[in-house]
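To start, the structure itself, in structure tokens.
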Amino acid sequence: MAKEYNFREIEKKWHQRWVEQQTYRVTEDPKRKKFYVLNMFPYPSGAGLHVGHPLGYIASDIYARYKRLQGFNVLNPMGYDAYGLPAEQYAIKTGQHPEKTTFQNIDRYREQLDKIGFSFDWDREVRTCSPDYYKWTQWAFQKMFKSFFCNKTQKAMPIEVLTEHFEKEGTGDWDVACTEEMNFTAEEWNSWDEKKQSDVLMNYRLAFMGETMVNWCPALGTVLANDEVVNGVSERGGYPVEQKKMRQWCLRVSAYSQRLLDGLETIDWSESIKETQKNWIGRSEGAEIRIPYTLSIEGEQEGEFTIFTTRADTMFGVTFFVLAPESELVDKVTTPEQRAAVDEYIKYVKGRTERERMIDHTVTGVFSGAYGINPITGDKCPIYVAEYVLAGYGTGAIMAVPAHDSRDYAFAKHFDLPIIPLVEGADVSEESYDAKEGIVMNSPRAEGGSVNYDGECLNLNGKTIKEAIAETKRFVKAHKLGRVKVNYRLRDAIFSRQRYWGEPFPVYYKNGIPTMIPEECLPIELPQVDKFLPTETGEPPLGNATKWAWDEQNKKIVENSLIDEKTIFPIELYTMPGFAGSSAYYLRYMDPHNQEALVSEKAAAYWQNVDLYVGGSEHATGHLIYSRFWNKFLFDLGVSKKEEPFQKLINQGMIQGWSSFVYRLRNTNKFVSFDLLDEQYDDAKKKNLYFYQGTEADPVYADISMVNGNVLNVEKIRQWTVEFRDAEFILNANGQYIVNQAIEKMSKSKYNVVNPDDICENYGADTLRLYEMFLGPIEQSKPWDVAGIDGCFRFLKKFWMLFWDKDGQLQADDSEPTAENMKSLHKLIKKVSADIEEFSYNTSIPAFMVATSELSSQKCRSRKVLEPLVVVLAPFCPHIAEELWEAMGHETTVCDAPWPKWDDKFLVESTVKMPVQFNGKVRFTLDLPADMPKEEVEKTALSAPEAGKYLEGQQIVKTVVVPGRIINIVIKPA
RNA sequence: GCCCAGAUGGUGGAAUUGGUAGACACGAGGGACUUAAAAUCCCUUGGCCUAACAGCCGUACGGGUUCGAGUCCCGUUCCGGGCACCA
């Protein structure tokens, strides 16, 4: 009786064995080289794992196991990003504490993960919601609060250094990152009270409280970070978002703009994700120029404002200036005559949502009544207020050059303002000429058209635009008309949320001054509340807590009723956003149980940073920016040992699901088979509408399990939900109900989720692992399709049968392998080694299949072939590999076997490339060692079987070996 | 609009980076074993023409470089991703 491949028994056995023997436990081992593999940890949702989740975990597990086989000390941890909105919303609905549902979900995740056979070291598990963990999130926040950023050294420094400087010299000319430029003397600083000083310091702290425009989402009752808003609506739920000025905690991420940009050059990430981050950081070099203004065309100078431009060369084409409606300058420049019009315009702008502003680009604006004086030409140009200028970027004020900027052009056309072309040959009668190429003219337009500064006038005529930009910058700088400035689009991150289920801030308010709770008192644990909703007075949910006050003397949390504003003060009601807990978790995995530090010096020094990070590309502008920022800050503190946290990044694609739709006739309970419907494209809605005998039919999701192919199981769906129980189904001519199918993101709400447990049950984890990799390149998104899984399962059965004879006896002996055996094996090792290094696992699987069928038909029995074969399969299918390894008499785990090396000598004959005949020559390309002597190369080439075909009966005139690889054999022409 | 990545059979996708395009798998068709089914095994499967051999055409489209192009260069079309009034 042949020995069956009983995957259920095998996998159960090894899961137990791995736990008992602590196979995947890792500790620092200075004798071995480290390798740190990490997956983006999951948010434990109530739906459990679907087949898409393990894709990245399997890919990284294969790499981790491969590295271990190569002798590295591999850290491959896993944990949970446990704070999140769904648990909180569930809590609001049911009153169930989010911790409870979160822990239930975590248990379910763990159970599912364990079935797949990962090599995670579960002793290092972290949960962002556990006080042991978020103690260090709070700690890092406090460190940021106590730091500022020096632009010159590009480093974070302790805030005391800055206060000391203020005490002695005031602001001086120290270039430090700040919210707005400030200027004060030491005397002024020293004269201020504690409150005023605290307010001023907020301008410099890396974690600070700022009055900023925030994305306020009324439906969610909270503010959102920029990356949480997509197309003007909230990423979660798709609710409208409006702009609102609020006092919020912020992180000065923008201070690190340049380092975040520079760091991209040193890391091994995909070009597209680096590009996305570069766009998000949005560096642009330009100039800030001061513009004096008057309140009437003949009036005297009233004051000045500063504009930012990247096109300093176009100063001679300025015909008006524009201020952002939110700019504080608007008030100053508005003349009494224009006051009413401006106020009305501001009101209109405020009433518009972010979304409206994004979609609708109609030209709007209003004249302020004032005139700006162009410092180069001396011209007076009207100052407008218009929403196309953004308050948050540059200085919130621009000089408008309609000839060479399409937005200014549209504005000028609308308000009938002059357009002056500055580039030779540029036709600006229909549209602006925005390109930065060409020769400058009209700059100045005539003799004396340029203001004289210290005997020098600016003249750009005849220069290329690039030269003109540089020349203008020089002129502006030399005559102190402004300064050269680099601007970044990257905004400071808004760091507080009006939610319950998040890290509480270790902050209390002492007479209105935000004060840090002493470090030794951390963590400040999330208080109990009886309701998870905001309070009736509109405070965040933590306002419901009754024990949420800080006793400064006794250093403990006490009842709110004791607040006296002398020794007992209220604690911050905000919580931290989702990215807080995920920003430094990779450091905590290095030393997860340390009570004294986020990570010990020793562990940080050993593990350094993550060598391979695997996760979705949707985090490009969120988590992957924040954690780089966070790490750079910790690097400045000396806690993190590397400037960049993730050396190599692989973005796995999504696995999509097949959604199925049934169609209900509007206002009826009748469902019509999809093939009976008439289709109509609706331009306005950009989608197809469906009709049955003139009545519109609306799509309704049907669960994937109700559908076989595209045929609906009508009986099954009747039992699914009440909605379908008594429905009438109109079938097609074949008596079938056909559903419409679409590929969509796999999600519970789309009823297209495929669960990995069923696959493990029916085929085993090894088949699941293999199949997920076989589905296609790891970085690509692809729909889940079980059709191909049989092929992988069949392969594993064939592989298994390679080791057992008809009687169920192991057929491995000490015989010498044949050349053929060695060729099959070494071809495989070479291919798989290269594939794993490049993460193209999908192409390894065909190689396994070919090698298996080759060795099978060769009736290979030799241990010298079979043992390495098992090791090579082990990263992909660890269970079957362990079982066979043990069967071959090994007492140690296959995880510690050495990764086999291939030897080209077994492969030589197979690597002759296609010989080509031309001009009486035959050319070969051989893959041979570079140091092989010329005669050897020639001999190998001539003896290659492929060569015979071409050289048979030909007279060889001469052979030419091109160094190493190519050989030209010249034959006598026929 | 700007930036990035793509386009190969009925399908997912290979092609050692310029050397026999379509590996491997799925699907489809045919066959063997079997009372039958399942399982397993074998054959065929890009298109056209052909009884067959042979031949011709084929990697989105149009050009180019080369003895030789899926691969390199120029242009076009289409799909996907990112950014988007960022001055």
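Every chain is numbered from 1 and lettered A, B, ... according to where its sequence line falls, protein lines coming before strand lines. Treat the numbers as computed from the prediction; the structure is a model and nothing was measured.
Residues A/Asp434 and A/Tyr409 bring no donor and acceptor atom of their side chains to less than 3.5 Å of each other.
Remark: the separation of the C1' atoms in B/rU34 and B/rU40 is 12 Å, to the nearest Å. The same atom, P, is picked in B/rG47 and in B/rG63; the two are 26 Å apart, to the nearest Å.
A/Phe415 and A/Tyr384 have their aromatic ring centers within a separation under 6.0 angstrom. The six-membered or imidazole ring of A/Tyr771 lies away from that of A/Phe793, with a centre-to-centre distance of 6.0 Å or more. The aromatic ring centroids of A/Phe799 and A/Phe848 lie 6.0 Å or more from each other.
With its glycosidic angle more than 90° from 0, B/rU77 is assigned anti. With a glycosidic angle no further than 90° from 0, B/rG9 counts as syn.
Residue-level contact check: A/Val389 touches the bases, meaning some heavy atom is under 4.0 Å from a base atom. Within 4.0 Å (heavy atoms only), A/Phe774 reaches at least one base atom of the nucleic acid.
Per the geometry, CD belonging to A/Glu285 stands 12 Å off P belonging to B/rA87, to the nearest Å. The nearest whole Å value for the distance from the OH atom in A/Tyr388 to the C1' atom in B/rG1 is 17 Å.
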Kindly list each side-chain donor-acceptor pair under 3.5 angstrom involving residues 614-625 of chain A, sequence neighbours excluded, with atom names and distances?
unit_1: A/His623; atom_1: ND1; unit_2: A/Ser582; atom_2: O; d: 3.4
unit_1: A/His623; atom_1: NE2; unit_2: A/Tyr613; atom_2: OH; d: 2.7

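Listed nucleotides B/rA87, B/rC41, B/rC85 differ in distance to A/His361; the shortest reach to its side chain belongs to B/rC85. Listed candidates were B/rA87, B/rC83, B/rC24. Nearest to the side chain of A/Thr621 is B/rC83. Nearest to the side chain of A/Met849, among B/rG13, B/rA87, B/rC24, sits B/rC24. Checked against B/rC24, B/rA14, B/rC85, the side chain of A/Pro777 finds its nearest nucleotide in B/rA14.
Annotation: cation-pi geometry not satisfied between A/Arg628 and A/Trp280 (NZ/CZ under 6.0 angstrom from ring centroid, within 45° of ring axis).
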What protein N or O atoms touch nucleotides 27-30 of chain B N or O atoms at under 3.5 angstrom, if any, and at what distances?
none

Between the protein and nucleotides 4-9 of chain B, which nitrogen or oxygen pairs come in under 3.5 angstrom?
none

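For A/Asp268, the salt bridge (Lys or Arg N to Asp or Glu O under 4.0 Å) partners are A/Lys648, not counting sequence neighbours. Among residues two or more places apart in sequence or in another chain, the salt bridge (Lys or Arg N to Asp or Glu O under 4.0 Å) test is passed with A/Glu326 by A/Arg357.
Distances shorter than 4.0 Å separate none of the side-chain N or O atoms of A/Asn279 from OP1 or OP2 on B/rA84. Distances shown here put a side-chain N or O of A/Ser284 below 4.0 Å from the OP1 or OP2 atom of B/rA87. A sub-4.0 Å separation between OP1 or OP2 of B/rA87 and a side-chain N or O of A/Tyr393 is present. For B/rG13, one of the phosphate oxygens OP1 or OP2 lies less than 4.0 angstrom from a side-chain nitrogen or oxygen of A/Gln780.
With A/Glu854 as the fixed residue, the salt bridge (charged side-chain N to carboxylate O under 4.0 Å, His left out) test singles out one of A/Lys859, A/Lys823, A/Lys827: A/Lys827.
Within a 6.0 Å radius of CD in A/Glu304, more than 12 heavy atoms belonging to other residues, nucleotides or ligands are found. Within 6.0 Å of NZ on A/Lys901 lie no more than 12 heavy atoms contributed by other residues, nucleotides or ligands.
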### Chi angles and distances behind the side chain to side chain contact (heavy atoms under 4.5 Å, CB included) call for A/Lys831, A/Trp902
CA-CA 9 Å; A/Lys831 173 78 179 145; A/Trp902 76 89; over 6 Å; no
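RNA chain B is contacted by both A/Trp280 and A/Gly396; A/Trp280 maps to the nucleotide lying nearer its 5′ end (nearest heavy atom per residue).
Stem list for RNA chain B (at least 3 consecutive Watson-Crick or G-U pairs, distances under 3.5 Å): B:1-4 with B:80-83, B:10-12 with B:24-26, B:27-32 with B:40-45, B:46-48 with B:55-57, B:60-64 with B:72-76.
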